[in-house]
**Q** 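Got a structure here, written out as structure tokens. Questions coming.
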Amino acid sequence: MNSQFSYLYQLRCSVCQKPYDPNQVQTWCPECNTPLIAEYRLDLLGSRVSKEEIVNRPNGMWRWHELLPVVDPEKIITQGEGDTPVLSMPRLGSHLGFSHLYIKDESLNPTGSFKARGLAAAISKAYELGITRVIIPTAGNAGGAMAAYAARAGMQAAVFMPTDTPEANQLECKITGANVVLVDGLISDAAVRVREKVRLEGWFDVSTFKEPYRLEGKKVMGLELAQQFHWDVPDVIVYPTGGGTGLVGIYKAIRELQALGWMNTNRLPRIVAVQAEGCAPVVRAFEAEQDTCTFFEGAHTMASGLRVPKSFADRMILQTIRETNGTAVSVSDEEIQSAQRIWAVQEGMFVAPEGAATLAGMLKLRDSGWLQPDERVVLLNTATGLKYLDLL
Ligand SMILES: *Cc1c(COP(=O)(O)O)cnc(C)c1O
Ligand SMILES: [Zn+2]
């Protein structure tokens, strides 16, 4: 049987459903000004490939290549991303009264954060489509990951980041030879500068959800979680939400696996978006029962990855939370720092402030009664605390 490397067959607008050709360079739907979503021939894939085959391949994100967008295996730009561990946390759990508490630890990815997954997919696909210059506005880790994969692909990279971006993020971009521009303001101000450069010089913009494939890379977290939970789902997944790529991606992954008939359950995990009190557009919109977010003025938090005043995928983030019966909760920087210390003392894990926010959020949901202490809860640590030394 001739099996394809990728079963990608089209992109579709998340709002008007108009299809777009994935063999051409695509950005977003110009009619709706909303993201494009990758769709795969799941019926064909399911009849030709088994999940056992995928499970038995060498470790890494690309063992899921049928569900990823790259068509030619030679075009994959990898640094070994993916297949991060799910570990139970018995000491932290019993300290806080939880009996089934887990971490999915994304700090083990190349560049020390889960941004590696999305950028590995986006840069590989861009390389396959012949793109040679990539540009990004970033709160930090996305820029570092883009610069790393662009260097390995031999592409030119330009990174626009706020002046107060953690030192490690600035250095990791510079050492790869990326053109780093510091911008007074927030990621949204950096994005304005990027749009200008794209218009004048024609760089390819790899901003969150402004191209369709970072979502696909981050989706693999959901594929791995399903396998790690033996084709079942945990009760609750707590996700530190900035642009929302991983939150939307994990949900997309579980839906694709259910459509393939590879899951042992039709249940969905309740997906929780945690944000910082100083930048909580999703929490505000969720509580106000809105379909989209309002730009969050004056955003500030030490968790730089959560400093996103409005996501381009706000509609999909809110849909994901509602369709999974999840919720959205905000935490203060003090709560984040205290969670970071408890986590380190109890389990020896030095998590990023964004990762620590998930623990702080979980405690709030325990106190409000939304979470039961015997539920299976997965906290996503999205980066290593070592990238934020100048903030401590
Ligand atoms: C970017 C980032 C986030 C937010 O991820 P999104 O998928 O954009 O919501 C969380 N944590 C860290 C460490 C990040 O770099
Ligand atoms: Zn559209």
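Please read these numbers as outputs of a predicted model, since none were measured by experiment. Each residue takes its place number in the sequence, starting with 1. Ligands are counted one by one from 1 in listed order, and the atoms in each one are counted from 1 as well. Heavy atoms only: backbone and side chains are in, while hydrogens, waters and symmetry mates are out.
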**Q** Give yes if a backbone or side-chain nitrogen or oxygen of Lys115 is under 3.5 Å from a nitrogen or oxygen of ligand 1, and no if not.
**A**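 Among all N and O atoms of Lys115, at least one is under 3.5 Å from an N or O of ligand 1.
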**Q** Run the salt-bridge test on Asp367 and Lys364 with the 4.0 Å N-O cut-off and return the result as yes or no.
**A**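 Salt bridge flag = no for Lys364 with Asp367.
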**Q** Could you pull out every donor-acceptor pair under 3.5 Å between side chains of residues 295-312 and any protein atom, sequence neighbours left out?
**A**
unit_1 : atom_1 : unit_2 : atom_2 : d
Thr301 : OG1    : Ala303 : N      : 3.0
Thr301 : OG1    : Asp333 : OD1    : 2.8
Arg307 : NH1    : Thr301 : O      : 2.9
Arg307 : NH2    : Asp164 : OD1    : 3.4
Lys310 : NZ     : Cys293 : O      : 3.2
Lys310 : NZ     : Asp314 : OD2    : 2.3
Ser311 : OG     : Gly243 : O      : 2.7
Ser311 : OG     : Ala313 : N      : 2.9

**Q** Could you tell me which atoms of ligand 1, counted from 1 in the order shown, lie closer than 4.0 angstrom to a heavy atom of Lys218?
**A**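 Selected atoms, number and element: 5 (O), 6 (P), 7 (O).
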**Q** Are Tyr388 and Glu354 linked by a side-chain donor-acceptor pair shorter than 3.5 Å?
**A**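 Glu354 and Tyr388 do have a side-chain donor-acceptor pair below 3.5 Å.
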**Q** Please tell me whether Lys104 and Thr84 have a donor and an acceptor in their side chains that are separated by less than 3.5 angstrom.
**A**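 Their side chains do contain a donor-acceptor pair, which is all the 3.5 Å distance test asks for.
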**Q** Using a strict cut-off of 4.0 Å, indicate which atoms of ligand 1 neighbour a heavy atom of Thr241.
**A**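 In order of numbering, the contacting atoms are 9 (O).
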**Q** Which residues and atoms, protein N, O or S only, are under 2.8 Å from the Zn ion (ligand 2)?
**A**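 Listed by chain and number: Cys13 SG, Cys16 SG, Cys29 SG, Cys32 SG.
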**Q** What are the atoms of ligand 1, with element, lying closer than 4.0 Å to any heavy atom of Thr245?
**A**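 In order of numbering, the contacting atoms are 6 (P), 7 (O), 8 (O), 9 (O).
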**Q** So, Asn56 and Glu53: side-chain donor and acceptor under 3.5 Å apart, yes or no?
**A**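 Absent: no donor and acceptor within the cut-off.
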**Q** For the residue pair Phe5 and His65, does the interplanar ring angle fall in the parallel (under 30°), tilted (30 to 60°) or perpendicular (over 60°) class?
**A**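 Answer is parallel, since the angle falls under 30°.
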**Q** Is it the case that ligand 1 has an N or O less than 3.5 angstrom from some N or O of Gly243?
**A**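 Gly243 vs ligand 1: N/O contact under 3.5 Å present.
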**Q** Does Lys387 have a non-hydrogen atom less than 4.0 Å from ligand 1?
**A**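 For ligand 1, residue contact (heavy atoms, under 4.0 Å) with Lys387 is absent.
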**Q** So how far is it from Lys252 NZ to Leu215 CG, rounded to the nearest 0.5 Å?
**A**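 Reported value, rounded in 0.5 Å steps: 6.0 Å.
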**Q** Looking only at distance, does Gly242 have an N or O less than 3.5 Å from an N or O of ligand 1?
**A**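 For ligand 1, there is an N or O atom that lies under 3.5 Å from one belonging to Gly242.
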**Q** Taking distance alone, with N or O pairs closer than 3.5 Å, would you say Glu354 contacts ligand 1?
**A**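 N/O-N/O distance under 3.5 Å: no.
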**Q** Enumerate the atoms of ligand 1 whose separation from the nearest heavy atom of Gly246 is less than 4.0 angstrom.
**A**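 The atoms of ligand 1 under 4.0 Å from a heavy atom of Gly246 are 7 (O).
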**Q** Consider ligand 1: state whether an atom of it lies below 4.0 angstrom from any non-hydrogen atom of Ala142.
**A**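 False for this residue.
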**Q** Would you say CZ of Arg91 has more than 12 non-hydrogen atoms from neighbouring residues, nucleotides or ligands within 6.0 angstrom?
**A**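 Count not over threshold, so no.
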**Q** Is there a heavy atom in Tyr388 that sits closer than 4.0 Å to ligand 1?
**A**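 Flag set, Tyr388 near ligand 1.
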**Q** Would you find more than 12 non-hydrogen atoms of other residues, nucleotides or ligands less than 6.0 Å from Glu74 atom CD?
**A**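 Result for CD/Glu74: open.
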**Q** Compare all side-chain heavy atoms of Lys75 with those of Ser124 and state whether any distance is below 4.5 angstrom.
**A**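 Not in contact.
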**Q** List, by chain and number, the other hydrophobic cluster members for Ile136, where Ile, Leu, Val, Met, Phe, Trp and Tyr join if side-chain heavy atoms come within less than 4.5 Å, directly or indirectly.
**A**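 Same cluster as Ile136: Val25, Ile77, Leu119, Ile123, Tyr127, Leu129, Ile131, Val134, Met146, Tyr149, Met155, Val159, Met161, Val180, Leu182, Phe204, Val206.
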**Q** Could you tell me which non-hydrogen atom of Ala122 sits nearest to which non-hydrogen atom of Arg214, and how far apart they are?
**A**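 Distance-wise, the nearest heavy atoms are CB-CG, 3.6 Å.
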**Q** Is it true that the NZ or CZ of Arg270 lies under 6.0 Å from the centre of Trp370's six-membered ring and within 45 degrees of the ring axis?
**A**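 Yes, Arg270 sits over the ring of Trp370.
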**Q** Answer yes or no: does an N/O atom from Ser113 fall short of 3.5 Å to an N/O atom of ligand 1?
**A**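 No, since none of the N or O atoms of Ser113 sits under 3.5 Å from an N or O of ligand 1.
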**Q** What protein heavy atom lies closest to atom 7 (O) of ligand 1? Include the residue and the distance to one decimal.
**A**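 Of every protein heavy atom, Tyr239 OH, 2.5 Å lies nearest to atom 7 (O) of ligand 1.
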**Q** Connecting only ILVMFWY residues whose side-chain heavy atoms lie within less than 4.5 Å of each other, what is the rest of Phe160's hydrophobic cluster?
**A**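 Ile135, Val181, Val183, Val194, Val198, Trp203, all in the cluster of Phe160.
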**Q** Atoms of ligand 1 less than 4.0 Å from Ala383 heavy atoms?
**A**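 Once the distances to Ala383 are compared, the set is 13 (C).
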**Q** Kindly confirm or rule out an N or O of Ala352 lying under 3.5 angstrom from an N or O of ligand 1.
**A**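 No - when backbone and side-chain N and O of Ala352 are compared with those of ligand 1, no distance drops under 3.5 Å.
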**Q** What's the shortest distance from atom 11 (N) of ligand 1 to any protein heavy atom, and which residue and atom give it?
**A**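 It is Thr382 OG1, 2.7 Å.
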**Q** Quick check: Phe114 and ligand 1, any N/O pair under 3.5 Å apart?
**A**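 For ligand 1, there is no N or O atom that lies under 3.5 Å from one belonging to Phe114.
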